[in-house]
Amino acid sequence: MLTLTSPVETRAHRVPAGLKLAGLAVATTGLVQMHGAAVGGVLAGVVVLYLALGPAFARHGLAMLRPLWPFLLVLALWHGWTGDWARGAEIAGKMLAAVALANLVTMTTRLDDLIAVVERLARPLARLGLDPRVMAVAIALALRFTPVLFWRTGQLMEAWRARSARRPGWRVVLPAVLLALDDADHVAEALRARGGL
Amino acid sequence: MDISGIRLSGACYAPAGKAVLSDISLTLDEPRIGIVGRNGSGKTTLLRLMAGLVRPTAGIVRVGGLDPAADRKAMLGRIGILFQNPDHQIIFPTVEEELAFGLRQQGRAEAEARALARDLLARQGRAHWAGAAVQTLSQGQRQWLCLMAVLAMDPATILLDEPFAALDLPSAARLARRLDGLPQQVVIVSHDPRVLERMDRVLWLEGGRLVADGPAAQVLRAFRAEMDRLGEADADTDLAG
Amino acid sequence: MERTVTHVALFAALIAVLGLVPKIDLMAGVPITAQSLGIMLCGTVLGARRGALAVLLFLLLVAVGLPLLAGGRGGLGVFVGPSAGFLIGFPVAAFVAGLVVERWRVPVGPAAFAGAVLGGIVVLYAFGIPGMALVLGKTLPEAALLATPFLAGDLIKAGLAAVITAGLANVRPGALLSRN
């Protein structure tokens, strides 16, 4: 499946995933407590970090921030109205820096490495009854069946359009749920056929 | 010849009181066995009973003297089953993980299972498949992967449910050749008599009951005659249940 | 055991698909994402425990970098953004929706609607609004004001969740794990 890991291989890709995640946690916690010019400094630092990894990478990083624009718009309108621009800029800066830093880890860490970290972190949960092997199978199954279910839901919508001039609406959701339930039964059987969990 | 020896006596399967299979008694020792019947005749359910995926609601199913539904661990090396739809069978997103899973289930360590899986692929001239995403494989390739995943576990018997139904002609020919060469006992379910012609023995199921059992030529001739007769009559109005 | 795991995994995939399927118009001309409908359905169909686990698995996949949130978003960034509270509330929302359907023994439709409203709106907003307040530097009432435009859409989704869950109970009664 397509992941958000950047195909542009950078130096940051080679930093161990655990280290990057720990760094992210520290940076985000620090960021929350910052005020005024310090926020601007961090944001500038993040920009430099992205640019240091190459212009193509930085462009990709900017695109990853696009979903934030409605919130930036809200902040601009709000603080434009109250006249407290400095406060608005600080909030926007914190938000952009935090999301960009987190995206940086996502963009420079392979899926397998992140899953390995998750499995390592989940190991203590074994004592609470969460078998790490079961979790690994659940992750693999979800990865495998997201594209399958996506494709089949697309087929349902196509079958709908073949017989209707109207666009398929929410009515495809019930058959999609049935597909998921049926697949779950079949795969449970496939797991049992090969020894179960 | 020492084969797993599948034995059913008086086996019935009637979930919620609706009979899918009724009173099946069989001993299956031949190396190549076909099960023929129309859609809904209970063929797939019979395979699932043999594989221990469902329990008979009455009667007994034994594989090598063991109850396949109870002794799942022992069955891993006894019986492998290939579902009709590979997408119902493939559990993992990549080829290597899929092949390694069964080996892990048989008690091998992760690294060893992975190595064996890659080795298996290399021996089939498909080393480059290891990291491939399963949804990029064609239907025939996915079925090949399912078969490999089953063979990797080296079961004594392989059950196949309509293995040729979704394959184009070259893929079907390749699969037939592949099955011919297997040392295992092979049981194939099909609605199409053509794919069962070379079996040692053919069973014919109708409405959940065994209506014929014998050499392929004889059973399939009777089956064809009956299918032709039904095809002439223009009625398919009965609802199941 | 196997069925629990496969249900959890397949419904995690279902949430993703409902977010990605382009242009499911819930109402004529108003393309709202069906993703939170997926969260509600996890609870009302699978029940509290499995439903919450399915949502957790979905969030895990988002966190490790899969673009499965509506609009192709994903990665760690979304967990520090303004919508983070809603994401954190997702599993609790599914749990509460499931709990209502499991415990409140009225016909499936009304129970599912109550569960979807309580879990998918009340509980979800209880997580989402403080999250927005925190990231956008607003007070709780101010953040609540920012969230109100979504209320109408979410009420429609709760209605759809009820219709779909009741429909499922109708065509496949055994499949409704929240009632079995």
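Order of the sequence lines fixes the chain letters, A, B, ..., with proteins taken first and strands second; residue numbering starts at 1 for each chain. Note: hydrogens, waters and symmetry copies are ignored here, and every other heavy atom, side chains too, is used. These figures come from a predicted structure and were not determined experimentally.
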Inset, instruction - Among E142(C), M132(C), E2(C), R172(C), single out the residue with the greatest number of heavy-atom pairs under 4.5 Å to chain A. - result: E2(C)

Legend entry - Atom group of L136(C) that falls short of 4.5 Å from chain A, counting heavy atoms: both

Legend entry - Interatomic distance, I39(C) atom CD1 to F90(C) atom CZ [nearest 0.5 angstrom]: 4.5 Å

Legend entry - Point-to-point distance, once rounded to the nearest 0.5 Å, from CZ of R110(A) to OG1 of T5(A): 8.5 Å

Inset, instruction - Specify which of V187(A), N103(A), L181(A), D113(A) makes the most heavy-atom pairs with chain C at under 4.5 Å. - result: L181(A)

Inset, instruction - For E102(C) and R49(C), work out which heavy atoms get closest and say how close. - result: OE2-N, 4.5 Å

Legend entry - Heavy-atom contact with chain A under 4.5 Å, split by part of L146(C): side chain

Inset, instruction - Would you mind checking which part of R87(A) comes under 4.5 Å of any heavy atom in chain C, side chain (CB onward), backbone (N, CA, C, O), both or neither? - result: side chain

Inset, instruction - Mind ranking V118(A), L68(A), L96(A), V148(A) by heavy-atom pairs under 4.5 Å with chain C and telling me who comes out on top? - result: V118(A)

Inset, instruction - Could you tell me whether the side chain of T6(C) and the main chain of R3(C) form a donor-acceptor pair under 3.5 Å? - result: yes

Legend entry - Working for side chain to side chain contact (heavy atoms under 4.5 Å, CB included), residues L59(C) and F79(C): CA-CA 10 Å; L59(C) 290 180; F79(C) 290 92; 4.3 Å; yes

Inset, instruction - Name the member of V32(A), V117(A), V99(A) that forms the most heavy-atom pairs with chain C at distances under 4.5 Å. - result: V99(A)

Inset, instruction - Please flag which part of L41(C) lies under 4.5 Å from any non-hydrogen atom of chain A: side chain, backbone, both or neither. - result: side chain

Inset, instruction - Sort out for me which of V64(C), L53(C), I164(C) touches chain A most, counting heavy-atom pairs under 4.5 Å. - result: V64(C)

Inset, instruction - Check whether V80(C) gets within reach of chain A through its side chain, its backbone, both or neither, counting any heavy atom under 4.5 Å. - result: both

Inset, instruction - Can you tell which part of L179(A) gets under 4.5 Å to a heavy atom of chain C, answering side chain, backbone, both or neither? - result: neither

Inset, instruction - Sort out for me which of G74(C), G72(C), A13(C) touches chain A most, counting heavy-atom pairs under 4.5 Å. - result: A13(C)

Legend entry - Region of L168(C) in contact with chain A, defined by heavy-atom distances below 4.5 Å: both

Inset, instruction - Please determine, among H7(C), K138(C), M1(C), R73(C), the option with the most heavy-atom pairs under 4.5 Å with chain A. - result: K138(C)

Inset, instruction - Output yes when a side-chain donor or acceptor of H186(A) lies under 3.5 Å from a complementary backbone atom of D182(A), and no otherwise. - result: yes

Inset, instruction - Answer yes or no: is there a donor N or O on one side and an acceptor on the other, between the side chain of K20(A) and the main chain of T108(A), under 3.5 Å? - result: yes

Legend entry - Positive for side chain to side chain contact (heavy atoms under 4.5 Å, CB included) with F145(A), one of L14(C), L10(C), V17(C): L10(C)

Legend entry - Any side-chain heavy-atom pair of M95(A) and I91(A) under 4.5 Å: no

Inset, instruction - Kindly indicate whether the side chain of F11(C), heavy atoms from C-beta on, has any atom under 4.5 Å from the side chain of V45(C). - result: yes

Legend entry - Residue among G81(C), A16(C), P82(C) with most heavy-atom pairs under 4.5 Å to chain A: P82(C)

Legend entry - chain C contact via I139(A) - which portion, at a heavy-atom distance below 4.5 Å: both

Inset, instruction - Mark yes or no for whether S178(C), through its side chain, and T44(C), through its backbone, hold a donor-acceptor pair below 3.5 Å. - result: yes

Inset, instruction - Could you look at L31(A) and say if it's the side chain, the backbone, both or neither that has a heavy atom under 4.5 Å from chain C? - result: neither

